[in-house]
Amino acid sequence: MKSSFYILYTTIVLVLMLFSCSEEQAERKPNILFAISDDQSFLHTSFAGRSWVQTPAFDQVAKNGIYFTNCYAGSPGCAPSRSSIVTGRYHWQNEQSGQHASGWLKKYVPFIDMLAVNGYHTGRTGKGVGPFQYGEDPLRAEDAAGKAYNEIRYEEGSTEDERFASGINSTNYFANFQLFMEERNEDEPFFFWYGATEPHRDYELDSWKRHGKSLADVEVPEFLPDNDTVRGDLLDYAIEIEWFDLHLMRMIEHLEEIGELENTIIIVTADNGMPFPRAKANAYEYGVHVPLAISYPKGFPTGRTVDDPISFVDLAPTILELTQTSEEGMLPIFGKSIANILESEKEGIVDESKNYVLAGRERHSASRYMNAGYPQRVMRQGRFLYIWNMKPERWPAGAPQRLVGGTPLPDSSGAVYPMYGIDSAGVHHSDWAFTDIDACPTKSLIVEHYDEEGLKKYFEWAVGKRPEYELFDIEKDPECLTNLAQDPEFSGIKDQMDALMVQDLRLTEDPRIVGPNKEIFDTYKRYSPMREFPKPDWAL
């Protein structure tokens, strides 16, 4: 009798313990690993079928989670895009805190702060929310991505220096992630921002040759010349993407080793498109369309491909919802949570009510007279991409000629560098002209051969002035080379998208639309080095 009672008692205790344990497991808040590369276009992962860039970590997240075919950055430039991610607001809503190299005002509270209030251990490695100036009131003191873990670095020349190429950052991202995890209290949920500086330029020229890559494998976008110089430049870019992916894989493997992978939401994306002409700092597909994969083994159905258009402003409300974190203390969020899409079992179009996204651009580098930008507003809806170039009289890639000298003042003689930055020997100097395009072999090739038959079209595509309105069918024309805005066949689509865009710009109180100062973006202080330019006709 006693034996039977003991067995029954033991069974009940074990069942209660198991129930308690499973209930505790279910109530655990999800961890979040947010990984963001610096300048990577949407097609450049091996998951997307590009054999010349290998991204096993991204592929694993996409395979074990959800792959998004239509994610759009907040801007084709890093600072405004990152601003949209952490605030859930369009960059034009964030004053100077949405503009490249301006100041981050402390009133723009990032969702990372809210996670910390909700008991999360937060931190970052590499590039955070920048480039912005942080400092004394009214500026925020700490980077909006949180506390930095950047102390552990590779030492050049040491046996531990495993970097693929000389252009790669010395920060050991994975080792710093390990340090962050070691500082976490037991069972404390975490949010970690992994912000690689790769594949941002500079690149080591021909680094690809040491890694078994082949020029023949590269797929060159139609807006770039297809030759060995450009193919090699793209392979050097691929090398740096692979470095970002390597450290992500190490983080994933570490989470698996310590038993946290099942309870970790992993988000992998890029802040804007690749650093090549007509891509980064341009509102075309290769500038604003970025990769996105999200996994949560414990919570999201796996192996799905979703075609819904996703905006960076949607990420903050999604993370807040998934972590049951209040947004109280933040300024109003305009993005919409995509938790319903993540938790669905559907593929393709999951939420038909979410059928368009917006993006935009103001300033990038100091590239025009009086630090003026090239304002654009962008809409993706269905198969169409619509662009409003608000100042078509300006050069989209920056002025073609600048004054000699720089900060604080140009050369007092008023001397100018040669037109297009090409010296008397025919050599292009990237910092002399079109400075919204990063210095690179591809840029120099296009500019140096600007008047040659067969190459001058690439020059025009990269730097030429553009009409006020552009409309592209990106299913047929992903390189955005055939403007349909003036085609009568597409006038209804253009007018409908324009009306919807303007409606939302008014709703979000875009100063370019509602004022009172429609030029305010060009007035914000820039903390990065300045360039000076001759006064153009549009400023007279």
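Fair warning: this is a prediction, and the values are worked out from it, not measured in the lab.
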Is it true that [X] and [Y] make a salt bridge, defined as a side-chain N closer than 4.0 Å to a carboxylate O?
X	Y	result
E260	R28	yes
R140	D113	yes
K127	D38	yes

Is the distance between the ring centroids of [X] and [Y] under 6.0 Å?
X	Y	answer
Y149	F180	yes
Y237	F276	yes
Y173	F244	no
F192	F177	yes

Closest heavy-atom pair and its distance - [X], [Y]:
X	Y	value
P301	S344	CG-O, 3.2 Å
V290	T269	CG2-OG1, 3.7 Å
R82	G128	NH1-O, 2.8 Å
S326	L320	O-CD2, 4.2 Å

Name all residues meeting the ring-ring contact (aromatic ring centres under 6.0 Å, His included) criterion together with [X]; count only those two or more places apart in sequence or in a different chain, and write none if there are none.
X	value
F47	Y67
Y284	F472
F521	none
Y527	none

Test: ring pair (Phe, Tyr, Trp, His ring centres under 6.0 Å). Region: residues 332-365. Which pairs qualify, not counting sequence neighbours?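 Matches after skipping sequence neighbours: H100-H364.
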With side chain to side chain donor-acceptor pair (under 3.5 Å) as the test, pick out the partner of Y108 among E95, Q93, Q96. E95
Could you work out, with salt bridge (charged side-chain N to carboxylate O under 4.0 Å, His left out) as the rule, every residue matching [X], not counting sequence neighbours?
X	answer
K106	D137
E183	K147
D161	R163
R250	E162

Are there over 12 heavy-atom neighbours, none belonging to [X], within less than 6.0 Å of that residue's [atom1]?
X	atom1	answer
K63	NZ	no
D202	CG	no
E256	CD	no

For a side-chain contact (heavy atoms from CB on, under 4.5 Å) with I387, tell me which candidate from M501, Q376, R361 qualifies. Q376
Qualifying residue for side-chain contact (heavy atoms from CB on, under 4.5 Å) with Y286, from R278, H44, K280: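 With Y286 as partner, side-chain contact (heavy atoms from CB on, under 4.5 Å) holds for just one option, H44.
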We want to know whether T87 and N94 form a side-chain donor-acceptor pair, criterion being a heavy-atom distance below 3.5 angstrom. yes
Candidate pair I267 and T318, rule side chain to side chain contact (heavy atoms under 4.5 Å, CB included), full reasoning: CA-CA 11 Å; I267 303 171; T318 302; over 6 Å; no
Please output the side-chain donor-acceptor pairs of residues 505-512 that fall under 3.5 Å, not counting sequence neighbours, one pair per line with the distance.
{"from": "T508", "atom 1": "OG1", "to": "W92", "atom 2": "NE1", "distance (Å)": "3.0"}
{"from": "T508", "atom 1": "OG1", "to": "D504", "atom 2": "O", "distance (Å)": "2.8"}
{"from": "T508", "atom 1": "OG1", "to": "L505", "atom 2": "O", "distance (Å)": "3.3"}
{"from": "D510", "atom 1": "OD1", "to": "R377", "atom 2": "NH2", "distance (Å)": "3.2"}
{"from": "D510", "atom 1": "OD1", "to": "R512", "atom 2": "N", "distance (Å)": "2.9"}
{"from": "D510", "atom 1": "OD2", "to": "R377", "atom 2": "NE", "distance (Å)": "2.6"}
{"from": "D510", "atom 1": "OD2", "to": "R377", "atom 2": "NH2", "distance (Å)": "3.2"}
{"from": "R512", "atom 1": "NE", "to": "E362", "atom 2": "OE1", "distance (Å)": "3.4"}
{"from": "R512", "atom 1": "NE", "to": "E362", "atom 2": "OE2", "distance (Å)": "3.0"}
{"from": "R512", "atom 1": "NH1", "to": "K518", "atom 2": "O", "distance (Å)": "2.9"}
{"from": "R512", "atom 1": "NH1", "to": "E519", "atom 2": "OE1", "distance (Å)": "3.0"}
{"from": "R512", "atom 1": "NH2", "to": "E362", "atom 2": "OE1", "distance (Å)": "2.7"}

Which residues share a side-chain hydrogen bond (donor to acceptor under 3.5 Å, both in side chains) with T325, sequence neighbours left out: N118, T323
Can you name the side-chain contact (heavy atoms from CB on, under 4.5 Å) partners of V61, sequence neighbours left out?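 Counting only residues at least two positions away or on another chain, V61 forms a side-chain contact (heavy atoms from CB on, under 4.5 Å) with I252, I266, V268, A293, S295.
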Start with the C-alpha gap between I66 and I341, add the side-chain angles, then the distance that decides, and say whether side chain to side chain contact (heavy atoms under 4.5 Å, CB included) holds. CA-CA 9 Å; I66 306 103; I341 296 175; 5.7 Å; no
